Structure formats: structure tokens, C-alpha cells
Amino acid sequence: MKKTWYQLNTKTVLNELNSDSGRGLSADEVTIRLKQYGYNELEEKPRDTLWKKFLSQFKDFLVFILLAASVISLAVGEVADSLVIIAIVLLNALLGVYQESKAEKALDALKKMSAPTSKVIRDGEVNTVFSRDLVPGDIILLEAGDYIPADVRMLDSYNLKVQEASLTGESVPVEKKCAEIDGETSLADRHNLGFMSTVVTYGRGKAIVVGTAMNTEIGKIAEMLQTVEEDRTPLQKKLEEFGKGLGVACLAVCAIIFVLGLWEGYHDGVLTFGEVQLMLMTSISLAVAAIPEGLPTVVTIVLALGMQRMAKKNSIMKKLHAVETLGSISVICSDKTGTLTQNQMTVVQIYTPVKHFAVTGEGYNPAGGFTHNEQPVELAAEPELALLLTGSVLCNDARLKSSEDAKNWSIIGDPTEGALIVAGCKGGYTDQQLKAHFPRIEELPFDSDRKMMTTLHAFNGQLRTFTKGAPDILLSRCGSIVTGDSARPLTDQDKAAIQAANREMAARALRVLAVAYRDYSSKPDMTNAADIENNLVFVGLLGMIDPPRLEAKAAVELCKGAGIRPVMITGDHPDTAYAIAKELGIVTNTKEVLTGKDFDSLSPAALKQAVETASVFARVSPEHKVAIVETLRSNRHIVAMTGDGVNDAPALKKADIGVAMGITGTDVTKETADMVVSDDNFATIVSAVEEGRVIYTNIKKFVYFLLSCNASEVLVIFFAILFGWPIPLLPIQLLWVNLVTDAFPALALGVEKKEPNVMRLKPRNPAEPLLGKNLKIMIGVQSAAIAVTVLGAFQYALTTYNRDLDIARTFAFVTLITTQIICAYAARSEHYSSFTLGFFSNKFLNAGVLLSFALLLLSVYGPLHLVFKTIEPGVQEWIFLLAMAPLPFLTTEITKWLLKLTGKPAQSAGVNG
Ligand code: ATP
């Protein structure tokens, strides 16, 4: 029987797949194999067809009410009304399908933007490619935090551990090795294979792709993976509930109106069959008019549009509900390196037990040198400096890369390590030369809990480990100190001098790394980090600058103005963290700095207090991040937390909004996060919060507008019946108003620009209702004002035009539409009057209002007037009608002004009052 991949040795696997461990495949070969094997993607569940999507729109309770209304209309012979209702239902369903497809497309686009990538060796170069482009035979590099992108056979493994629970059920990560396995073993025991979609939790490795797409273990068991999860936001759920409640209330009101109407007619002794029919139809139309059937659809459209706008500004929202939560964020916990700073490290200062050195040169360009007291130094005369540079280049995984003209230099790998490579080059030590001379035998990779990294090398005929890491931690592991070419015991005095040098560099906002070594005569057991990283010989310190991001300072200020506390969380030294946080305006006092150690010593109660005052958490590990989020949340904060490393995932999950870094973030954090910031920038998170606030307020605006329009119609009919008047609006007129004229201004309100005070309000309390007290008052006043104006116009026409009902109804119809569309301007802000905002600043609203007005003209002047039973108003009529139109708008604006005058100042973004 043919052996399978895990039973073959690495050489045979490479031969079988015609690949080379060092050079990988050639670009041409990849093209051929892509054609042969296809993309490395699992098959997705087929999407619903358009037809299915369309049918699913009819599952809604409100739609049932509408359909019932249409059937009753048909039964009483009102064919036109019945058709109009059907038209509404169909239009609504089409809109639903459109928005669903649009949301799907938007999600697809977002998915592409955050598609997983892999590091692959092709034509001898390391490149990052989309994982879907991998083919069998590709050589890939793996490190902690990566998802394994295909089924692979290990070629090299440096303590590589993989979490395979999703596939094998094994709860602890398994260590991967390279040797072949004899005989048959179960999936969980194939320790030289890596499986698609499992996660590297520790270490580093190299592997060859042996199976892609559906030809993988996961592909075999999960043929229908990656279904799109339905994600309804709390607001959507709230609105759906609200819509249902409103639907029932409308039905009840309509039933009352129907009974009341019948009673009036009966009382007057003129109840004819025609009148009963009219009353029935009026009640039905009113129900149709009052039910906010389009509300959930418009909310989804506005949320989806908001997501697209955010994606353009580098924030990819992975979950719809996050858009809403953004507006409530009260604390943003941000990493320092790369998010608040540029992650462009340059070594500028060096300390050895004998001397301080300054390093010249800029950025990653290796041109530069070393000075002592401003005099250039020769490396040959400084053995400690030479050893420090050697150690920091050897204990290092970064590579320096230059453009063809050697003008632009960049780093592949960790910028901290890159800076050390550059410093080495300035002393004439390139990593290729050193690594050839002192080959690496084994290693203990860096992790942010240990804050150290160690490599074992063959070193001048013996064995030597080099360890680099956080000075305070590394120093506690040192027993000796370098002197010339040998070592002597470390004294308390030495320690004090090193600590002073470390503090002095940190206070200048430098990130400091220490380097140490240890010699061995035989190969040590590298699995025990605590033993290996002990009894070290201290060599020196390297201080590097990482300038703050230029835009971060303004973003911090914006946050503070918006009632949001920016908090810096870093693995770095407290002094370095404080210096940078102070420069950015996050803190003003050292009391606001808390270290991981302080954190561990506090009781839960003291912790709850401490997180309220501390804005910098330094020397923390990923577990502290979880505790910080939990404590802040227990203090009722709504927390956004950033993360990049594999260990950050639990903290991101715990946060209200987990934010992953697009550039430095590992696959695991991106997968866990609610939001990915593609430029790793703190300012981007703040602008997403602003956008979230705008979206929420806009949703409130059109909910307010639509509700007050619907309520005004109910009031008109209700009071007409109560007063014993003829019914002012025909069913078909009511339907037209709701179907057509309300919709466009409402949609335009959903894309309103931000109000000037959006980042000056406090965060919204998520427990607050969508409509606060002020908005409720405004809805009441506005709908009453519209109803009074419409009834006034109706009564005026009745008396002026000889009780001609068609003319009077035309007056009511025109007044209803004109008052409503003008009121859309008042709905643009809860805080600002239209006179302050300017009438023409939302061009979509202007277009929507013009369109609605044109449709109104069409219904009174065109052939449609026969359907609507309207008469053509003349100039005199228009003068009256247009004079009435702004009255409700003015009433609302005056109410807004009075509320502002009497009420408290605005409290929160989105909801106040
Ligand atoms: P953040 O990104 O959260 O602001 P950070 O990048 O400073 O924090 P870590 O990456 O956890 O945090 O690093 C913590 C400390 O570990 C650093 O201050 C540094 O002293 C040390 N360190 C960082 N990178 C390495 C590395 N590659 N090798 C050895 N030590 C390192």
C-alpha cells in the first residue's frame, strides 16, 4: 500500500511534490498547479436564490396584516386600494431582497479585505500571499498566532505547538515534529502534520503544503463550512419588537376608529352601506399607513452603508452589532507599540558595563556608527559593544531588505528585532555573516509572558545561548557581568548602575532591551525556559526610539472631549510607557501608571478603584488584559480593547468591542475581533467610534420622522371622526403618502452628516431607550401640529368651497404631504435648529423632498388625479396651502428651542433627554 505523508521522511515528501525546502516552487509552477488543484478554499453553502430571498420576505407579522388588509379591500370591491397595498408589500419585499444582496456583497468585500494570508517561500523569496492561492508543494513559514492555511507536512519545527481541538478534540496544544511515523496512527497522533484551520499557539516552523481546499482533513468532514451567520443587532431586535407592538396598537386604534365611525353614523341615523364600507376601508388604510413596515429594512440599509463608509476609512466591522456598540464605548484600551506609536524602531543609545554609546543614522538605513562622548569609536577596541551587537543580531528573526537602488530600507519581521539588525550592520555585523559563522541550533521563541527570547549557537568550538529581553526581567536572571572577553560576578553596585541606565533611557521614551549570554560544554535541554534563561552573563542595554504617531495626540484629545478614556496597555517598561503616554496627553501624572506587578498585588475591590484612575498599564501580560477588561466592565464601562498577539484573543473576546490590528495582528486575533483596523492606527479606532455615533443618531432621526408622520395620520382620522366630520383623507391617499412621499426623506435622514457636537457628548448608555424624553415630546408635538394643520386646511376648504368634499380632501392631502416633508428638516437634529445647520447641507434630503413634491404634483395634476380623486389646485389655493405648510415645522423648531432652554445640556451621543 502507498505510504501517506506522515509515514514518509521530509526528503521523500519534497521529492514527491517536486518542491525545494529552500527555494520553494517557482511562480510558473504555482500557476500550473493552481489550474490543476484550484483555489485553496472550502466550498461554501450555496447562497439562497433571489427567488428564495424574495419569498422569505413574506414571513413578517406586519406583512401579514398588510396582506389581510388587501384581501378585505378586494372583498369590499376596492380594487385600486387592494392593488396599492399589494404594491406596497411587493415594493417592500423587493427592497428587502435588494438590501440583503447589498449587505451580502458588502460582507463579501469585507471578507476579502480581511482574508487570511500566509508566508510562503517561492523562487527563494519569502512573500505574503492570500491563503487561497496556496498549492500543494508550497513551502510555508508558521509562527504563533497563525492559522495553518492548508494540510501541511512539517519540515522544520522550533517548539511549534498547535491547538487542534477543532479537529481532534484534543484540548492541549500538541507539539509538532518532523520525523516520519511508522505504521498507521490516528489524526491526533500525526505529529508531523499540520491541519488546515488549526492554530499555532507557540514557536515557529516551516512546512510543505500537502493538501488544499476540500482535499484537507477539515474539508473532508465539513463540506459545508463557512455559512454566513445571521447577526441581528440589539437595535434591530428592539425595532422589530417595537414594530410588532406598534402593529398591534395600530390594529386596536383602527378597530376603535371603525367602531366609533359606525357609532357616529348610526347616531346620526345616516348609516348607509357605502359609509360602512368607507369606514372599513379607512380603518384598514390607516392600519397600513400607521404600521412602520419599512423601519427594519431602512435600519439595515443604514447600518450596512455605515459599514462600507467605515471600511473606506480603514475600519473593517466584522459584526453588524459592533457598529451600534461603538457609539457607547467609554474606554478604549490600546496597545502602545504600533497603535499609538509608529512601530519604526531605531537604536539610538547603547549601554555596556563600561561605557555609554550613542548611535548615529536614521530609520532602517544601515548607514551610521557609534560615538562615545561625541567621538567615533572603533569596534575592535570595544569588545563588550561587539559582543552586544553579535548577541542581538544572532538572537533575532528579522531581516533587513533594501530597494534596488539601496535608498529605501525595510524590515521583514518584528521592528524591535529589525532595529537590532540595523544597529549590527552599523558595526559591520550582518546577520548572514554572523549566522553562517555561529549557526543557530535551537531556540526558545519570544513570548509576551516571559518577555525574553533565547537562541542556542555553535560558538567558537563550544555552545552559547544568547538571551535578549526586558531588562528588569533579564537582569534578575543574571549572575555575572561581561568584562572584556570574559565575565565576573555581578555585584549590587553593577545592578544599581544597570537599573539607573535603564531608567534613564526609559524616561526618554526609549524602548530598552537587554542582552545576555551563557556558555555550555554540551547541548542543554532547551525545553525548560526557566533553567535556560538563568545564570546568565549580562552584556548590555540597547535603547530604541519609536516615535508616537503624529495623529494619535489629536485622537486622544478628541476621545477625552467625547467622554471616552484612552488607556495605554503595554508590555513595555513603565517609564517608557509613561513618557510616551505623557507626550500623547493620555496621562499627566506618574500616579496614573500601574504595572502588572501592582495589579497582581491588589484586592478585587482595590482593583475596581485602580482601573478608574490608571490610564497606563505597563509590563503587563495578556492575562492582565483580560483582568483589566473584566474589571472595567464590572464598573459598567463599555470597553474597546486592541490586540495583536495570539494570547490577546481572550481579552478581545471579553471586551465589548475587540479590535484586531490589520498589519501586525495574528490570524487568531483577527478572527476573534469584532473590528479590524487595517492601518493599526489608534486614530482610526476613534474615527470609527465617531462614525458609530453618527449612524446611531441617524437611525434615531428617521425613526422619529416616520413615527411622527404615521402618528399624525392616525390623529387626523381619529379627530375627524370624533368631531363628526367627513373623513378628510381617502384610503388610497393615505397609502400614497406612506408608500411614496415619506420614504425618500426618511432614507435621506439615514445618511445625514455628523452634527458638530457628536464628539462632544458623553457616550450613549446602552440601556437608554432609543427615543428619549425629548424626542418623545417632539414626536407628540410634531404629529399634533401636523394633524391640526391638516384638519384646519380641511375645515377651511369645506367652508370656503361650499362643502365640496373632493376639494376639501385635496387640501388635506396636499397639506399632509407638504407639512411632513418640511418637517423632515426639523428631524435632522435633536440639538440644532435647521437655521443653524443650514437648509441645504444634506443634498440627499433636498433631492428626496423635491422628489416627494414632484410625486405630489403628479398625483394632483396628472391622470393619476382620477385615482386619487383630487382636484387641481389653482394659484390662490397654492398660496393658502404653501402658507400652511411650514407651521408644524416651526412648531417643532420652537419646541426644540424651548426644550434646550429649559432642559439640561445634552448628555450623551445619540440619546439625550
Ligand atoms: P504593546 O504592543 O502591547 O504596546 P509591547 O510590544 O511593548 O507592547 P511586548 O511585545 O509584549 O509588548 O513586549 C514586552 C517587552 O518584551 C518589551 O518591552 C521588550 O522589553 C521585550 N521584547 C519585545 N520584543 C522582544 C523580542 N523580539 N525579543 C526579546 N524581547 C522582546
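Order of appearance sets the numbers: ligands from 1, and atoms from 1 within every ligand. Remember, predicted model here, so these are calculated numbers, not experimental data.
- Classification of the Y351-F538 ring pair by plane angle, with boundaries at 30° and 60°, yields tilted.
- Between F466 and Y517, the ring-plane angle classifies as tilted under the 30° and 60° cut-offs.
- For ligand 1, the protein residues within 4.0 angstrom (heavy atoms only) are D335, K336, T337, D414, E417, F446, S448, K451, M453, K468, G469, A470, R511, V512, L513, I569, T570, G571, D572, R619.
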In residues 424-435, what donor-acceptor pairs under 3.5 Å come from side-chain atoms, sequence neighbours left out?
unit_1 : atom_1 : unit_2 : atom_2 : d
K426   : NZ     : T360   : O      : 3.0
T430   : OG1    : Q433   : N      : 3.3
K435   : NZ     : N396   : O      : 3.0

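- Residues passing the salt bridge (Lys or Arg N to Asp or Glu O under 4.0 Å) test with E175, sequence neighbours excluded: none.
- Among residues at least two apart or in separate chains, side chain to side chain donor-acceptor pair (under 3.5 Å) pairs with a member in residues 538-558 are T341-D546, E551-N681.
- Here the two rings, on F438 and F459, have centers that are under 6.0 Å apart.
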